[in-house]
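Below: the structure, in structure tokens.
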Protein chains: 2
Amino acid sequence: MTRLNESVPASLTKARLPEIRARSFDCERDQLSPIENLLSRKQQSKLQAIATILDYQRGNSTIFSESEDAHFVYSVISGIVRISRHSEGGRRQVLAFMLPGDLFGLPDAGIYANTAETVCPASLYRVPWRQLRETMLSEPELQLNLLIRLAFDLRQAQRRIMILGQQNTLQKLASFLLDFVQYTDFYDVRNHRLTLPLTRFDLGDYLGIAPETVARAFAKLELAGLVRRNSPRHIEIPDVAALRQVVAGGRRQQRP
Amino acid sequence: MTRLNESVPASLTKARLPEIRARSFDCERDQLSPIENLLSRKQQSKLQAIATILDYQRGNSTIFSESEDAHFVYSVISGIVRISRHSEGGRRQVLAFMLPGDLFGLPDAGIYANTAETVCPASLYRVPWRQLRETMLSEPELQLNLLIRLAFDLRQAQRRIMILGQQNTLQKLASFLLDFVQYTDFYDVRNHRLTLPLTRFDLGDYLGIAPETVARAFAKLELAGLVRRNSPRHIEIPDVAALRQVVAGGRRQQRP
DNA sequence: CGTGTGATTGAAATGCTTCAATTATCGTGG
DNA sequence: CCACGATAATTGAAGCATTTCAATCACACG
């Protein structure tokens, strides 16, 4: 079962190509906030000239697996991609969810260090690493933008370290929800409704807690009136600012 | 109190300059293993031409603080630098310990995202970011090496996420010790003696656990015959392979 | 030689995981 | 479109791990 089974490479002659974006140096720090386009039109077209569009029709499709030979780098156009790695014991840790505009799949010694799978239907740019490498060498400005992008990803990873290192379950879940609220693809600001294409397993493996604990944390937040579960994957968040208060508190839960 | 108070910039005319190193694509993955020098002589000298050497005589000196304007990038020549960030509650999380050959201080929107402090006496290269940026644009190969370096740092951060997300106290401590054992600066292979210039507070903030818990974990490892505390900062590790077994086990402690 | 900081250990409280059972949800095929 | 089955989600209860508070001990440095 190769990873191309479920993908339908689309033509590059589409009228309006989605943008390949790099994060700006000037974006809000420590936020998954809307991203700016740092690439010039010329750089965009350079990238798109060597890119292929892949459409994954369903969730849980493998894009690539850890320890495979790495030939391509990817960028999310729409949907969500789950980046994960397995420990020796076989336990899965979700390292990140890649959202529209994100870049992933950089090779490590010619090999993928992580596994990438779709969480829901998704479309991606696929860029051959070899060509990207050559383009970067001939276009230093483009390369610098990718370097800045990578620096941003590093800070995101550091943010996750902060969260995993010093937040309790309730705060972890709140942090996660606050991240997703930034994306209008998933959060309807008017109705305060968040659509999570993730299971409690995904969430647990992302936050470093058991899926049961995730469910319990949702229950607690609901009891406190901070969220409302219309269904497991449709969450209403009436007051985002109140959720932020949960994160701001100490490690232990505040006494009433 | 500026950060230059304790530093003594040395002359650049030293006979043999320590190398500024970049990690190789081909180095062992997920290991703080000895690193290869990826930069050519020409690239080395380009960097060293714009670098200053700083010598910090003592530990706990601040190199830079989070939210300061960022003008320099640093590389460790000798010693250890602690990279940390504080949460809203003021709690400190140590994101990484920078060891000889490591690079740190990349600006985020012109500002340092983290705090960098010496853990013990240390000497560093200091490179003006503005000049480094220009050099990268005129030397794409050099830039690519720095990009690869950054990719390595990202994978290191991901490794920390794995550890924080799914290891218990004993495993976290064991993982940490195994990392440090790789560095001959701190581990004497002949006597199996590890010298840790870190306090239990540093360690706790790094592993996301209370310092008391660190002490207890050391006690457990000692009881199991896996380490021996000659003094709090002088640890004997008779059998490194046995320590690895601790990490390999499940999250819960194995029954006897 | 004293003092302050770091390290260790004890004991109680709390939070998280695990196992187990039940209920809800979603995708699929009839 | 509905019913079904598989999978996900929820909740309960017990056990264990970690934190916290507190007290003591060790050590380095002036």
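Here is how names work: the chains are called A, B, and so on, in the same order as the sequence lines, proteins then strands, and each is numbered from 1. Computed from a predicted model, the values in this text were never measured in an experiment.
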Notebook entry, point to check: Which nucleotide sits closest to the side chain of A:A215: C:dA7, C:dT28, D:dT11?
Noted result: D:dT11
Note to self: Given D:dT19, D:dT10, D:dA22, identify the nucleotide with an atom nearest to the side chain of A:E212.
What the structure shows: D:dT10
Item checked: N/O donor-acceptor pair, side chain B:R216 with base D:dT20, under 3.5 angstrom -> yes
Notebook entry, point to check: Starting at NE2 of A:H234 and ending at P of D:dA8, how long is that distance when rounded to a whole Å?
Noted result: 17 Å
Checklist line | DNA chain C: 5'-proximal contact among A:R233 and A:G208 (nearest heavy atom) | finding: A:G208
Item checked: Closest non-hydrogen atom pair between A:V247 and B:E88, with its separation -> CG1-OE2, 4.1 Å
Check: Of all the nucleotides listed (D:dT18, D:dT11, C:dA7), which has the minimum atom distance to the side chain of B:T169?
Finding: D:dT18
Notebook entry, point to check: From the list C:dT17, D:dT11, D:dT19, which nucleotide is the closest neighbour of the side chain of A:A210?
Noted result: C:dT17
Note to self: Can you confirm whether or not the ring centre of B:Y74 sits under 6.0 Å from the ring centre of B:F64?
What the structure shows: yes
Margin query: How many whole angstroms separate atom CG of B:L221 from atom C1' of C:dT8?
Written below: 15 Å
Next item on the list: Assign each of B:N230 and A:R229 to its nearest nucleotide of DNA chain D by heavy atoms, then name whichever residue's nucleotide is nearer the 5' end.
Entry: A:R229
Next item on the list: On the 0 to 90° scale, with breaks at 30° and 60°, tag the A:F180-A:F97 ring pair as parallel, tilted or perpendicular.
Entry: perpendicular
Check: For C:dT28, does either OP1 or OP2 sit under 4.0 Å from a side-chain N or O belonging to A:R58?
Finding: yes
Next item on the list: Tell me what B:T213 touches on the nucleic acid: a base, only sugar-phosphate, or nothing, going by heavy atoms under 4.0 Å.
Entry: base
Notebook entry, point to check: Between D:dA9 atom P and A:L196 atom CG, what is the distance in whole Å?
Noted result: 10 Å
Check: Which part of the nucleic acid, if any, lies within contact of A:G204, taking any heavy atom under 4.0 Å across all strands shown: a base, the sugar-phosphate backbone alone, or nothing?
Finding: nothing
Notebook entry, point to check: Separation of B:F201 atom CZ from C:dG4 atom P, in whole Å?
Noted result: 16 Å
Item checked: Value in whole Å for how far the P atom of D:dA17 lies from CG of B:L164 -> 19 Å
Notebook entry, point to check: Could you state the CG-P distance from A:L207 to C:dC16, rounded to the nearest angstrom?
Noted result: 12 Å
Next item on the list: State plainly whether the residues B:R92 and B:D205 are in salt-bridge range, i.e. N to O under 4.0 Å.
Entry: yes
Notebook entry, point to check: What's the CG-C1' distance between A:L173 and C:dG15, to the nearest Å?
Noted result: 15 Å
Checklist line | Nucleotide C:dC16, atom C1' - distance to CD of B:Q167 in whole Å | finding: 17 Å
Next item on the list: For A:I235 and A:R229, run side-chain contact (heavy atoms from CB on, under 4.5 Å): C-alpha distance rounded to whole Å, both residues' side-chain angles, the deciding distance at 0.1 Å, then the answer.
Entry: CA-CA 5 Å; A:I235 310 294; A:R229 287 173 288 183; 3.8 Å; yes
